[in-house]
Amino acid sequence: GQPVTLPCSIPGFQGMVLWLRDGMALGVNRDLSGYPRYDIVGDHSKGEYHLLIQRTDIQDDAFFECQAIQAAIRSRPARLTVLVPPDDPVIVGAPVVSLRAGDHLNLTCHADNAKPAASIIWIRNGLVLSGAMYSKTLLRDGKRESTVSTLYLSPSNIESGQHITCRASNKAAPNGKDATVTIDIQHLPIVNLTVEPQPVLEGNLVRFHCGAKANPPVIYYRWAKGGSVIPDVTGETYEAVVDHSFFTEPVSCEVTNALGHTNISRNVDVYFGPRMAAEPQSLQVDLGSDAVFSCAWSGNPSLTIVWMKKGSGVVLSNKNTLTLKAVKQEDAGKYLCRAVVPRVGAAEKEVSLTVNGPPTISSTQTQQALYGEKGQIKCFIRSTPPPDRIAWSWKETVLESGTSGRYTVETVSTDDGVISTLTMSNIVPADFQTIYNCTAWNSFGSDTEIIRLKEQETLRLAVIIGVAVGAFLALSILLGTLGAFCCTRFQRNLKGSVTAKNDIRVEIVHKDHNAARENEEHANMKQMMVSSRVSGRSVLTNNTVLKASSEVSENLKNMSKTERAALMY
């Protein structure tokens, strides 16, 4: 918009002078008819051909050059820089920018069509604000630029009624141009929710207070727990007896005014005993495989987890998982996952481990029956998986189920295992000399037990009781007469005691000797049974039974009457 003169003097030259702008000819001598804002001025006789530009425009921002055509003389290029002040700055949303309390303030100011690009600053209360983001864009003419500045202010850094100014300036407008905006803050409720007392033991009373500041004023309060509205509570206070759910399900207070609502939540630090979060599951695994139990508890304060085998005080793990490597049959049983919350309480969960393996028979090796009556021999089998087959064998007979002559086999399943019963009607003496074999199979193997039948003596209990009563009476008489016959009886009794002791020692040794022989025979017979297994199934052959029976009979014959009586006793 201002005039400018570009001087060009060629002393003593008389001829044509050509002006060029960015290499393009403008005209010769004073004829610049195509450019009304351009004139050639100066004293022609003195060789002055000055270029006058009136009301400088942005297109005049270029390189200029004058040339004496006949003399083939040209001037140095002269750069004309045209400065353009920015347009009046504009703040988006001005003159008043409204926002809700708690929101960030985002102000944007434009200063367009400037050369060079305008600088923008933000001013509040006479102080320049920092932190604004600045960007500029080159316009299509390739010379002017537009500038955008964005100012971010946090809620704590603004107040309602404040005036903020955007000032744009460059070399063409050194004093700058201003635009001002007024901040109007509309407040949603500002809420503070308190909980007292904390921490608190489960089952105690807790008071929630919802304090709010709002403009416009509060219309109503709404309370909720875990997202579910609490009915009949509309004030700023709520009281409740807390349980464990208050630890994970927050209580919220929602305050509403004409602009909207504000919601705030609080959890209660409730102390409560262990509660099962993930229940452990019983396992059934193959022999030699790993067993992994897992359980999870919740509690407050922090709890401790302990894994133990039921009946044992040994801690196996303090983690949520219990891993048993390469399990054995003895690992089967009940396991406890126990959780302890210090000073609050404890709880536990029981699970079972079942180990798949060969059957295990645990039966009394000698069982009793009455002569002439019905008798039974029971075989108790623990087996996982359940036994595929259970067989009784004696002499030349093998019976798995049903009835054969005087013999009947019945099998009953219980929670602890399987009981197979061999029932004999009308017990005869030969039954007491027969050896009975109980064998069970499953997919993992087999087990065998040898059982003998012993005659039950009905009078033995009465005899034992009579002997005990007689001994008690004799002892009483002895104590009554002890004072009168102290010395003499003492020696006699001492001698009699020694004799009796020697007799008892012989009896015990004799009895132990026969018991040891009996146990050895049982072990040898069971070993023979195990050795006779064919293709994974144990069958007691007739020859083995007869041989074992013959050996026992021969041993009994070799005993004296006293030895047999002592063995029976």
Taking the side chain as every heavy atom from C-beta outward, state whether [X] and [Y] have any pair of such atoms under 4.5 Å apart.
{"X": "Leu51", "Y": "Tyr38", "result": "yes"}
{"X": "Asn300", "Y": "Val341", "result": "no"}
{"X": "Asp243", "Y": "Val270", "result": "no"}
{"X": "Val292", "Y": "Leu322", "result": "no"}
{"X": "Asp286", "Y": "Phe444", "result": "yes"}
{"X": "Thr182", "Y": "Val97", "result": "no"}
{"X": "Asp57", "Y": "Arg37", "result": "yes"}
{"X": "Phe64", "Y": "Leu80", "result": "yes"}

Checking [X] side chain against [Y] main chain: does a donor-acceptor pair fall under 3.5 Å?
{"X": "Asn157", "Y": "Ser154", "value": "no"}
{"X": "Trp441", "Y": "Ile390", "value": "no"}
{"X": "His104", "Y": "Leu153", "value": "no"}
{"X": "Gln70", "Y": "Met16", "value": "yes"}
{"X": "Trp223", "Y": "Gly235", "value": "yes"}
{"X": "Glu48", "Y": "Asp43", "value": "yes"}

If you measure from [atom1] on [X] to [atom2] on [Y], what distance do you get to the nearest 0.5 Å?
{"X": "Asn442", "Y": "Asn356", "atom1": "CG", "atom2": "CG", "value": "8.5 Å"}
{"X": "Arg167", "Y": "Asn175", "atom1": "CZ", "atom2": "CG", "value": "9.0 Å"}
{"X": "Leu107", "Y": "Ile183", "atom1": "CG", "atom2": "CD1", "value": "5.0 Å"}
{"X": "Ile264", "Y": "Ser252", "atom1": "CD1", "atom2": "OG", "value": "10.0 Å"}
{"X": "Arg124", "Y": "Ile158", "atom1": "CZ", "atom2": "CD1", "value": "8.5 Å"}
{"X": "Asp416", "Y": "Arg382", "atom1": "CG", "atom2": "CZ", "value": "6.5 Å"}

Decide, yes or no, whether a salt bridge links [X] with [Y] under the criterion of side-chain N to carboxylate O below 4.0 Å.
{"X": "Asp141", "Y": "Arg144", "result": "yes"}
{"X": "Asp61", "Y": "Lys115", "result": "yes"}
{"X": "Asp60", "Y": "Arg21", "result": "yes"}

Quiz question: by atom type and distance under 3.5 Å, do the side chains of [X] and [Y] form a donor-acceptor pair?
{"X": "Thr165", "Y": "Trp122", "result": "no"}
{"X": "Ser352", "Y": "Lys334", "result": "yes"}
{"X": "Ser245", "Y": "Lys225", "result": "yes"}
{"X": "Glu279", "Y": "Gln281", "result": "no"}

With a sphere of 6.0 Å drawn around [atom1] of [X], does it hold more than 12 non-hydrogen atoms of other residues, nucleotides or ligands?
{"X": "Lys349", "atom1": "NZ", "answer": "no"}
{"X": "Arg343", "atom1": "CZ", "answer": "no"}
{"X": "Lys309", "atom1": "NZ", "answer": "yes"}
{"X": "Tyr220", "atom1": "OH", "answer": "no"}

Test side-chain hydrogen bond (donor to acceptor under 3.5 Å, both in side chains) on Thr448 and Thr439; report intermediate values, then the result.
CA-CA 4 Å; Thr448 296; Thr439 305; 3.3 Å; yes
Is the distance from the ring center of Tyr238 to that of His209 below 6.0 Å?
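No, the ring of Tyr238 stays outside the 6.0 Å limit from the ring of His209, centre to centre.
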Aromatic rings Phe272 and His244: how do their planes relate, parallel, tilted or perpendicular, breaks at 30° and 60°?
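Geometry flag for His244 against Phe272: tilted rings.
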If I compare all heavy atoms of [X] with all of [Y], which pair ends up nearest, and what's the gap?
{"X": "Cys166", "Y": "Pro89", "value": "O-CG, 4.0 Å"}
{"X": "Ala118", "Y": "Tyr134", "value": "O-OH, 2.7 Å"}
{"X": "Val418", "Y": "Pro387", "value": "CG2-CD, 4.1 Å"}

Go through Glu196 and Arg207 one step at a time and tell me if the salt bridge (Lys or Arg N to Asp or Glu O under 4.0 Å) criterion holds.
CA-CA 5 Å; Glu196 292 181 352; Arg207 182 175 184 268; 5.6 Å; no
Quick one: do Thr384 and Thr354 satisfy side-chain hydrogen bond (donor to acceptor under 3.5 Å, both in side chains)? Show the steps, please.
CA-CA 7 Å; Thr384 304; Thr354 305; 5.3 Å; no
Tell me whether the guanidinium CZ or amine NZ of Lys310 lies under 6.0 angstrom from the six-membered ring centre of Tyr335 and within 45° of its axis.
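No, Lys310 does not lie over the aromatic ring of Tyr335.
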